[in-house]
Amino acid sequence: QVQLVESGGGLVQAGGSLRLSCAASVRTDSNYVMAWFRRAPGKERRFVAAISRSGGSTTYADSVKGRFTISRDNAKNTVYLQMNSLKPDDTAVYYCAAAPTTILVLSEGLYNYWGQGTQVTVAS
């Protein structure tokens, strides 16, 4: 069982930055691809970014490419999402997720473990 706890959300002005963190209760580098998803108000949860077990490979949704960076510190069992040039459309609850796979996957159905989410609000 993997427990994930997100932190770092908050209120920021458009154009600003935030860094989200996701702390795992167990080592994740051997077995889990890690990802971030988000659910905007009134919308379905959507993929944001994923990172391989080693951290050597990443993939992003087109809507955040060039603005967001996913990274992981396996020594700390923590995954990060650095969010720059934030827009009001980035307002959402952001969720961390873990998938027991060796390839980067975008489908939320393949992620077995989820955090409780952290709210990000971008004011215009």
Side-chain angles (χ1 to χ4, degrees):
Q1 192 79 0
V2 180
Q3 293 182 329
L4 303 173
V5 179
E6 302 97 334
S7 61
L11 173 65
V12 64
Q13 293 293 316
S17 298
L18 280 176
R19 188 176 82 154
L20 305 182
S21 299
C22 171
S25 60
V26 300
R27 283 191 62 178
T28 57
D29 56 324
S30 299
N31 299 311
Y32 296 98
V33 165
M34 302 297 294
W36 289 93
F37 289 76
R38 68 186 182 186
R39 188 196 305 274
K43 296 186 178 180
E44 296 182 349
R45 188 160 55 187
R46 293 191 175 181
F47 171 81
V48 174
I51 188 166
S52 63
R53 294 179 297 173
S54 69
S57 297
T58 58
T59 189
Y60 297 90
D62 287 343
S63 59
V64 307
K65 202 171 293 183
R67 300 187 298 122
F68 290 11
T69 302
I70 188 171
S71 62
R72 66 192 297 168
D73 185 339
N74 288 331
K76 296 182 179 179
N77 298 331
T78 301
V79 178
Y80 304 98
L81 185 68
Q82 177 67 44
M83 305 185 295
N84 298 329
S85 301
L86 282 161
K87 305 174 182 179
D89 284 349
D90 295 318
T91 295
V93 177
Y94 283 73
Y95 298 90
C96 176
T101 180
T102 58
I103 60 173
L104 296 178
V105 291
L106 280 63
S107 172
E108 68 172 275
L110 297 177
Y111 286 83
N112 292 39
Y113 302 103
W114 294 84
Q116 81 290 349
T118 185
Q119 176 70 47
V120 171
T121 302
V122 184
S124 58

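One-based numbering along the sequence shown.
Among all heavy-atom pairs drawn from Ser85 and Ser17, the shortest one is N-OG, 4.4 Å.
Counting heavy atoms from C-beta on, the side chains of Lys76 and Ser21 never come closer than 4.5 Å.
Through direct or indirect side-chain contacts shorter than 4.5 Å among Ile, Leu, Val, Met, Phe, Trp and Tyr, Val26 is connected to Val2, Leu4, Val12, Leu18, Leu20, Tyr32, Met34, Trp36, Val48, Ile51, Tyr60, Val64, Phe68, Ile70, Val79, Leu81, Met83, Leu86, Tyr94, Tyr113, Val120, Val122. Taking Ile, Leu, Val, Met, Phe, Trp and Tyr as hydrophobic and joining them when side-chain heavy atoms fall under 4.5 Å apart, one finds Ile103 in a cluster with Val33, Phe37, Phe47, Val93, Tyr95, Leu104, Val105, Leu106, Leu110, Tyr111, Trp114.
With sequence neighbours excluded, the residues forming a salt bridge (Lys or Arg N to Asp or Glu O under 4.0 Å) with Arg67 are Asp90, listed by chain and number. Taking the side-chain contact (heavy atoms from CB on, under 4.5 Å) definition, one finds that Ala23 meets it with Thr78, sequence neighbours left out. Take Gln82 and apply the side-chain hydrogen bond (donor to acceptor under 3.5 Å, both in side chains) test, not counting sequence neighbours, and it matches Asn84. Scanning for side-chain contact (heavy atoms from CB on, under 4.5 Å) contacts around Asn31 gives an empty result, with sequence neighbours left out.
Pairs of residues two or more places apart, or lying in two chains, that qualify as disulfide (SG to SG under 2.5 Å) and include a residue from residues 1-101 are Cys22-Cys96. Among pairs with a residue in residues 96-107, none fulfils side-chain hydrogen bond (donor to acceptor under 3.5 Å, both in side chains), at least two apart in sequence or across chains. Within the structure, salt bridge (charged side-chain N to carboxylate O under 4.0 Å, His left out) contacts touching residues 40-61 (residues at least two apart or in different chains) are Arg45-Glu108. Pairs of residues two or more places apart, or lying in two chains, never qualify as salt bridge (charged side-chain N to carboxylate O under 4.0 Å, His left out) while including a residue from residues 6-23.
If you take OG1 on Thr58 and CZ on Arg72, they are separated by 12.0 Å, rounding to the nearest 0.5 Å. Considering OG of Ser124 and CD of Gln13, their distance stands at 8.0 Å, rounded to 0.5 Å.
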| task | Quick one: do Gln119 and Leu11 satisfy side chain to side chain contact (heavy atoms under 4.5 Å, CB included)? Show the steps, please. | result | CA-CA 8 Å; Gln119 176 70 47; Leu11 173 65; over 6 Å; no
